[in-house]
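A quick write-up on the structure given underneath.
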Amino acid sequence: MSLSYVHVEADSPWSTYLSQVDRVVPYLGRLARWVETLKRPKRTLIVDIPIEMDDGTVRHFEGYRSQHSLTRGPGKGGVRYHPDVTLEEVMALAAWMSIKNAAVNLPYGGAKGGIRVDPKLLSLKELEKLTRRYTSEIGIIIGPHQDIPAPDVNTNGQIMAWMMDTYSMNVGATATGVVTGKPIHLGGSLGRVKATGRGVFVTGREAARRIDLDLQGARVAVQGFGNVGSSAAELFGQAGAKIVAAQDHTGTIFNAAGFDLSELIPHVKNTGGVAGFRGSEPMANEDFWDVACEIMIPAALEGQITTDRARRLKAKLVLEGANGPTLPSADDVMADRGILVVPDVICNSGGVTVSYFEWVQDFSSFFWTEDEINVRLDKIMVGALRNIWDTADRHKITLRTATFAVACERILTAREERGLYP
Ligand code: NAD
């Protein structure tokens, strides 16, 4: 039965998620009787966030925190600030977190939050007020053992620091474990900032090895040059690949010889985007999907790889840095064309894996070296991907359906073992 409180459009993130769940049902055996529990969030909070702007006016913003599943542990998932955030998008992102956390076998459920706002239009003070009020409003359902937010699109370590401080002020004690992705001085973990990009690289490296794709000289196109896209690009660059195209909200750039990343990354930091980078030529946004490359990394927003774009892609390997970048119909086109897709729910799980390390370090007040973090991350991701690949080979299914099969089996087994209350 569909939910009455959201209007689900075709190809929207929530309908994409539902269709991904439907595809896994034949592989769930007797656990399939619990599948409906995956098709509705456990709870979702919608909050009003009034703030006094610098000019004295009062503005209201809409915020959300959705806890899709708490069956395997506390909620875990990022907070997104974006003008297009909707309840339905946050629900889908929370659900993908449940799948991701189970796929990597982290002891978490899945959650996600967001505010409908363009943070680029706010002053630093306004951004801080917005973050603090949002944290207070969702404070009734978050906590180190309840639900642990982290950064996502347009949120970062500073925002996590304000969230941690606000929550701590409200409970009367410093609670570093309430959020991850914090600055190092506040109980953050070494390696967290680049962990998602590193995970994209690790899964990409393993997938490339399996399809005999040499990373040396491989051409890579990256959509989204923020935290995830730029970190992944940097590691592929270090492995000898050439980043030939990049696209973000400011435009698309191209260089057949590969960008000099030691100049492009500072350019993006200083100007806010890839546009105008002098070691490149501009390209029409839609032409990005026709670029000759071996590896395509969508690392921006959902719904980017449509059927039409999937038909045009030149890449052999798609690494989903973003959450939900591919529509189900486009998945089928890529499978038919023999394009290997490493799905979001395993590909970008490096971030939450190091978030888990951060949370564990916060509880034990004992911090690991960056090398220890990176080695453990590599090991967990390689092991998780190997297990998923075996499942895909066994059932002759895509890596996405195999990841859902592994994850849903874990979630629904826990559901069955816990039983229904009362
Ligand atoms: P970010 O804010 O650092 O970067 C987002 C990037 O997307 C920016 O380069 C922005 O310009 C670009 N972008 C925005 N709108 C665009 C558009 N219409 N066309 C092209 N590019 C556009 O965010 P991030 O943390 O790098 O997140 C990127 C993706 O990775 C999101 O889907 C997010 O959910 C996912 N993700 C992030 C993390 C994390 O740890 N940060 C973890 C897992 C998944």
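Counting starts at 1 for both ligands and their atoms, following the listed order.
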Any sub-3.5 Å donor-acceptor pair from Ser15's side-chain atoms to Glu9's backbone N or O?
yes

Which N/O atoms of ligand 1 sit under 3.5 Å from a protein N/O, and at what distances?
unit_1   : atom_1 : unit_2 : atom_2 : d
ligand 1 : 2 (O)  : Asn154 : N      : 2.9
ligand 1 : 3 (O)  : Asn227 : N      : 2.9
ligand 1 : 9 (O)  : Phe225 : N      : 2.9
ligand 1 : 9 (O)  : Gly226 : N      : 3.1
ligand 1 : 11 (O) : His249 : N      : 3.1
ligand 1 : 11 (O) : His249 : ND1    : 2.5
ligand 1 : 26 (O) : Asn227 : N      : 3.2
ligand 1 : 26 (O) : Val228 : N      : 2.9
ligand 1 : 30 (O) : Gly321 : O      : 3.4
ligand 1 : 32 (O) : Ala300 : O      : 2.8
ligand 1 : 32 (O) : Asn323 : N      : 3.1
ligand 1 : 34 (O) : Arg80  : NH2    : 2.9
ligand 1 : 34 (O) : Asp152 : OD1    : 2.6
ligand 1 : 34 (O) : Asp152 : OD2    : 3.4
ligand 1 : 34 (O) : Asn323 : ND2    : 2.8
ligand 1 : 40 (O) : Arg192 : NH1    : 3.4
ligand 1 : 40 (O) : Arg192 : NH2    : 3.3
ligand 1 : 40 (O) : Thr196 : OG1    : 2.7

- Task: May I ask you to test the Lys39-Val21 pair for a side-chain heavy-atom distance under 4.5 Å?
- Result: yes

Which pairs of donor and acceptor atoms, one on a side chain in residues 109-120, lie under 3.5 Å apart (sequence neighbours left out)?
unit_1 : atom_1 : unit_2 : atom_2 : d
Lys112 : NZ     : Asp152 : OD1    : 3.1
Arg116 : NH1    : Val85  : O      : 2.6
Asp118 : OD1    : Lys120 : N      : 3.0
Lys120 : NZ     : Asn154 : OD1    : 3.3

Contacts of Glu294 meeting salt bridge (Lys or Arg N to Asp or Glu O under 4.0 Å) (sequence neighbours excluded), chain-then-number -> Arg219

Anything under 3.5 Å between a donor and an acceptor, one on a side chain of residues 193-201, the other on a protein residue two or more places apart or in another chain? List them.
unit_1 : atom_1 : unit_2 : atom_2 : d
Lys194 : NZ     : Glu234 : OE1    : 3.1
Thr196 : OG1    : Gly351 : N      : 3.4
Arg198 : NE     : Asn374 : OD1    : 3.4

Discussion item. We want to know whether Ser355 and Thr180 form a side-chain donor-acceptor pair, criterion being a heavy-atom distance below 3.5 angstrom.
Written reply: yes

